[in-house]
Amino acid sequence: MTGVIGARGPTATLNQSAAIVEIRNLNYAVNGRPIFAGLDMDIPRGRVTAVMGPSGTGKTTLLRLITGQVAADAGSIMVAGQDMRAVRRADLYVLRRRMGMLFQNGALLTDLSVFENVAFPLREHTDLPERLVRQLVLTKLQAVGLRGAAELMPGELSGGMSRRVALARAIVMDPELLIYDEPFVGLDPISLGVILRLIRRLNDALGITSIVVSHDVHQISTVADVVFLLSGGTVVAKGTPPQLQSYPSEIVRQFMGGLADGPVPFHYPAPDYFGELLGRGERP
Amino acid sequence: MKLIRELWTSLIESLVGLGSVVRFLLRLLTESPRALLRFDLIAQQIFNSGALSLVIIMLSGLFVGMVLGLQGFQLLQRFGSEEALGTAAAIGLVKELGPVVTALLFAGRAGTALASELGLMRATDQLSAMEMMAVDPIRRVVVPRFLGGVIAMPLLAAIFSLIGLFGAQLVGVQIMGVDSGSFWSQMRSSVSLSDVNEGIVKSCIFGIMCSLIAVYEGYYATPTAEGVGRATTRTVVTLFFDYLITAAFL
């Protein structure tokens with residue numbers, strides 16, 4: 001079941017034609033287990049879009065499909081007008097220069113300093129003079145508040161700092177699309193607040209599109225314009241965070257309210273409990 | 001019947017694995033010319049694989065040479081031809097012991113480091129991050145490590161043989177009293193360029209094998225702690241096995 005589409009603010013009405021990512025009838029299975037079955041999704045340009053859902057629903061897999069790291073079994077994924085199922089490797093790399101991705105653990109290159117990590121895409125893709133590279137890197141590090149940590153190595157950073165450096169690296173090529181994979185996991189409240197503010201600020205200041213995968217309902221509600229809730233391989237609800245809070249669906253209520261039991265069962269499928277305790281049940 | 005089926009499955013899996021390694025090698029070779037243009041990356045890997053392995057290679061070379069000098073002296077003394085010690089040590093070191101022992105040590109020191117480094121890069125999403133930055137990790141990370149190992153291995157084998165000769169001379173000439181002039185002159189007259197070339201060819205082949213298996217196992221490691229550990233172990237076990245077979249044929 002799919003709900004109302006809406007967004008925050010008077011100018012926030014979604015325009016489907018302005019979608020930067022268009023997914024139609026997406027099917028994808030891993031080892032025969034279907035992850036997505038007929039998924040449709042439009043991610044609007046210039047907004048912060050949250051993709052939420054219970055663990056194991058394929059949120060990170062969806063990001064991997066959108067970024068062309070894995071190929072869909074059926075259906076279409078259009079990113080900035082490019083069909084990800086038909087794109088050639090060279091074109092995919094050109095497209096990726098217009099994207100930035102923040103991995104769950106930062107994924108900083110451990111043999112390079114903070115400065116060199118942020119400078120890495122510039123050195124690989126451009127022939128800019130060293131003075132300009134330095135200015136660009138310091139500007140991005142200043143934006144995430146870590147200019148003073150430029151000479152540190154990744155091993156000397158906390159989890160929150162690593163993610164901020166990774167964010168500086170993700171925006172150094174001025175991408176159109178910025179993708180965050182579980183950016184709040186394992187962060188203390190201060191780092192979490194910093195990352196939240198950065199997501200919003202970067203989106204608005206740079207005029208980019210942000211996709212945030214998270215299951216942190218309360219945090220993401222403060223920053224997202226649009227939320228997609230995934231479950232059972234498809235979108236079960238979409239709308240603004242307030243709309244999802246009052247959404248007339250059991251699964252949405254369970255997820256948004258953090259209820260232990262509901263359509264997503266607390267127990268993993270198992271034989272009869274008492275029968276198994278008494279030795280009568282058979283293990284599948 | 002079950003045994004035959006298992007053997008057949010095992011054979012098919014081995015062939016698929018071999019095909020995958022060969023395809024990976026072809027990819028590395030295709031990317032190599034362009035990687036050579038950024039020699040600073042390769043030089044860094046020559047330092048990591050080569051210079052950082054120097055201490056263990058030199059120490060091992062010294063002791064292997066000393067043992068060779070002692071055993072060779074005792075054997076040759078029985079036939080009254082101690083002067084041939086230099087020839088025996090040189091041929092043994094340059095043709096066989098240099099390339100083979102260096103390759104074993106190189107697999108243990110540099111091969112495991114390469115496999116675990118790449119495996120950890122995979123496990124911590126560093127390779128995926130490069131992909132997402134539109135940087136091909138094969139070209140940027142794997143090829144420089146492969147070429148660094150290929151270049152470092154023959155150099156290390158040469159250093160091993162040199163230090164080994166010094167060790168053999170130390171025991172044979174300085175301690176056992178073999179005539180220094182005979183030791184060096186017999187070596188010069190009996191060891192031909194083809195013997196040296198044979199050693200160079202062997203060490204180059206071992207260098208390619210070691211670097212290839214290490215980067216392959218590391219690059220395709222399962223991205224977990226267990227997967228990285230298994231990749232490292234497989235690197236050493238596969239290389240030791242391959243070395244022995246290759247050395248027997250060469």
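Chain A is the first sequence line, chain B the second, and so forth, proteins listed ahead of strands; every chain is numbered from 1.
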Going by an N to O cut-off under 4.0 Å, is there a salt bridge joining B/Arg230 and B/Glu217? no

Whether A/Arg134 and A/Glu130 form a salt bridge (side-chain N of Lys/Arg under 4.0 Å from carboxylate O of Asp/Glu) is what I want to check. no

Interface residues of residues 130-157 of chain B facing chain A - non-hydrogen atoms under 4.5 Å apart: B/Met130, B/Glu131, B/Met132, B/Met133, B/Ala134, B/Val135, B/Asp136, B/Pro137, B/Arg140, B/Arg145

Indicate yes or no for a side-chain donor-acceptor contact from B/Lys95 to the backbone of B/Glu198 under 3.5 Å, with no hydrogens or angles considered. no

Please confirm whether the backbone N or O of A/Val223 pairs with a side-chain atom of A/Arg200, one donor and one acceptor, at under 3.5 Å? yes

Measure up the B/Tyr216 and B/Phe24 rings against each other and bin them: parallel (under 30°), tilted (30 to 60°), perpendicular (over 60°). perpendicular

Go through the atoms of A/Leu108 and report whether side chain, backbone, both or neither lie under 4.5 Å from a heavy atom of chain B. backbone

Side chains of A/Tyr93 and A/Arg97: is there a donor and an acceptor less than 3.5 Å apart? no

Do B/Thr224 and B/Glu226 get their side chains close enough for a donor-acceptor pair, meaning under 3.5 Å? no

Check the pair A/Ile66 / A/Met84 against side chain to side chain contact (heavy atoms under 4.5 Å, CB included), numbers first and verdict last. CA-CA 7 Å; A/Ile66 290 173; A/Met84 298 306 281; over 6 Å; no

Contacts of residues 138-175 of chain A with chain B (heavy atom under 4.5 Å): A/Arg169

Please check if the number of heavy atoms outside B/Tyr220 that lie under 6.0 Å from its OH is greater than 12. yes

For each of A/Arg64, A/Gln104, A/His125, tally heavy-atom pairs with chain B at distances under 4.5 Å, and name the one with the top tally. A/His125

Closest heavy-atom pair, A/Asp73 versus A/Arg85, reported as atoms and distance to 0.1 Å, is O-NH2, 3.1 Å

